[in-house]
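Here's the structure, in structure tokens; my notes come after.
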2 protein chains.
Amino acid sequence: MSITDLNFDIDRNSQTPMWLQIRDELYNCLHQEILRPGQLIPNEKTLVELFNVSIGTVRKAIGALENEGILIRKQGLGTFVFEHDANSFQFKYFHFVPRNSEETVIPNVELVSFERKKATKSEIEILNLPADNRNVFHIYNKLGFRNKFYIVDKIIISVAKFLSLTEEMYVNRNNTIYNLYQNKFNIFITDCSEKIRTVPANGETAKILGIDIDTPLLRIDRTGYTYHNEIVEIRTSYVHTSDIDYVRPHFSALGE
Amino acid sequence: MSITDLNFDIDRNSQTPMWLQIRDELYNCLHQEILRPGQLIPNEKTLVELFNVSIGTVRKAIGALENEGILIRKQGLGTFVFEHDANSFQFKYFHFVPRNSEETVIPNVELVSFERKKATKSEIEILNLPADNRNVFHIYNKLGFRNKFYIVDKIIISVAKFLSLTEEMYVNRNNTIYNLYQNKFNIFITDCSEKIRTVPANGETAKILGIDIDTPLLRIDRTGYTYHNEIVEIRTSYVHTSDIDYVRPHFSALGE
DNA sequence: TAGTGGTCTAGACCACGTG
DNA sequence: ACGTGGTCTAGACCACTAC
């Protein structure tokens, strides 16, 4: 199935601007994996014919998706579907730097445990688990720099959505976790939100990080969303901020 | 001095796109307060004549500044220079919500102390204080909801830049602090960055918040920037996250 | 050299807010 | 009714990338 085989019917008299209708059509093509991660999408001239509008309108639609971080335009090459990789992880989703430094550092990640569990009530609700499969994966990782670990990460995802996931597959991925979601399970994390507070380290976390029980940690609750704001990942990070800071880079624009 | 009295010379053969040149010219007019907070800027047709380009080019320049949060377009009304107020404070710069809630709450702010001090070496460096005035204001506030205080805020600003600032003026402002900066001192906070870690409460903070010494707190170091990335404010918040969370709303696009 | 997206034009018409 | 920004057109030409 190629996008160029489809027939699109843009309503020229709708309340919704044509560029937004086109943006939504493209968004749905991405959602339905008619356009896949890393893929080159049709050039602007082709889209003009496909949607039967002028090039400025197509460009405005693509520009909107580019601003959302879903498409990437490369002059001289074409427009591509965004693909999660180590680079994007570092700049978009990994927010720690060594204290008194501005550079983000690439962390080492090590699996602690990989389990399949019965979901709690809260997990069922947040992940909107289907009645016929109320199991979740719990994946614990530790992350750090230079042979020292500072972060324990607990990832919760639905078994229904990641049915064929195994510990081996998880360990042997040679890319980021979000890239695994995207390439093996057609699940694309489009954006996240986070909440932060302090908590004392519990016994398990303390042991993993080599610190005392009750050492104050940052607790970061991250919610990962895919298309149409569907929640697909709950992640809780426990962070020992002895030598590192959580960073929120320059912000200003309203919705960020 | 009105912007319409100026002569702009957009270079049609420059490497820099014309829309970006116009964006920069407008940015400088804002920086030099030729265009002031809350002010209506000339309409698009006037700007077309002023810069001698077509309307699409003007619109692209304005769109860039709108994305930066500096201009606000209102259909049917015109385009305005952004002005800090309680609303923008809440949505752009205040990042706390009661636990298990999605709504941001308007906090009450209360002055704890207002002092004029000799700057430390670090303050001189970060705020780039001039040799002839190496003093700073230290302003402590406490913030909370519903008669309980959770946050102690320490603001450090240069006396050189806020020369006429007094405690009375500070207390009697009937708007946000950033609005005061903007309206009385022509200093417009364009954006911020933040770093977060955990720290134990010191005696003073513990007393203000009514908690035990060494209670784990979030420490948030915020740097406030004005035009051309000039640092004008150093703010440190100590947050007792017993009932509230620090929130980072949806993010995805690269620079956010 | 061919193909891509990026810039720019010179309009027309629409939607919104105010008087 | 008027003035504002928002949408849309149908081009031309430029800058970048790959072969």
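Note on naming: letters A, B, ... go to the chains in the order of the sequence lines (proteins, then strands), and numbering restarts at 1 for each one. Here the structure is a predicted model, which means the values were calculated and not measured.
- Residues satisfying the side-chain contact (heavy atoms from CB on, under 4.5 Å) test with K74(B), not counting sequence neighbours, are I72(B), L77(B), F80(B).
- Residues passing the salt bridge (charged side-chain N to carboxylate O under 4.0 Å, His left out) test with K45(B) are E49(B), sequence neighbours excluded.
- Because its NZ or CZ atom is not both nearer than 6.0 Å to the ring centre of Y246(B) and within 45° of the ring axis, R248(B) does not count as a cation-pi partner of that residue.
- Counting non-hydrogen atoms under 4.0 angstrom, R59(B) reaches a base of the nucleic acid.
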Handout entry: ring-ring contact (aromatic ring centres under 6.0 Å, His included) between F162(A) and F137(A), worked out
Key = CA-CA 9 Å; F162(A) 294 88; F137(A) 291 110; 7.5 Å; no

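- R59(A) is linked by a salt bridge (charged side-chain N to carboxylate O under 4.0 Å, His left out) to E44(A), counting only residues two or more places apart in sequence or in another chain.
- Taking a heavy-atom distance under 4.0 Å as the criterion, the stretch of DNA chain C touched by chain A extends 5' to 3' from dG3(C) to dT7(C).
- Under the ring pair (Phe, Tyr, Trp, His ring centres under 6.0 Å) criterion, Y150(B) pairs with no residue, sequence neighbours left out.
- Place L77(A) and T57(A) on DNA chain D by their nearest nucleotides, and T57(A) ends up nearer the 5' end.
- Cation-pi geometry between K92(B) and F82(B) is met: the NZ or CZ atom falls under 6.0 Å from the ring centre, inside 45° of the normal.
- At a non-hydrogen distance threshold of 4.0 Å, N43(A), E44(A) from residues 36-52 of chain A come into contact with DNA chain C.
- The ring of Y181(A) has its center no closer than 6.0 angstrom to the ring center of H84(A).
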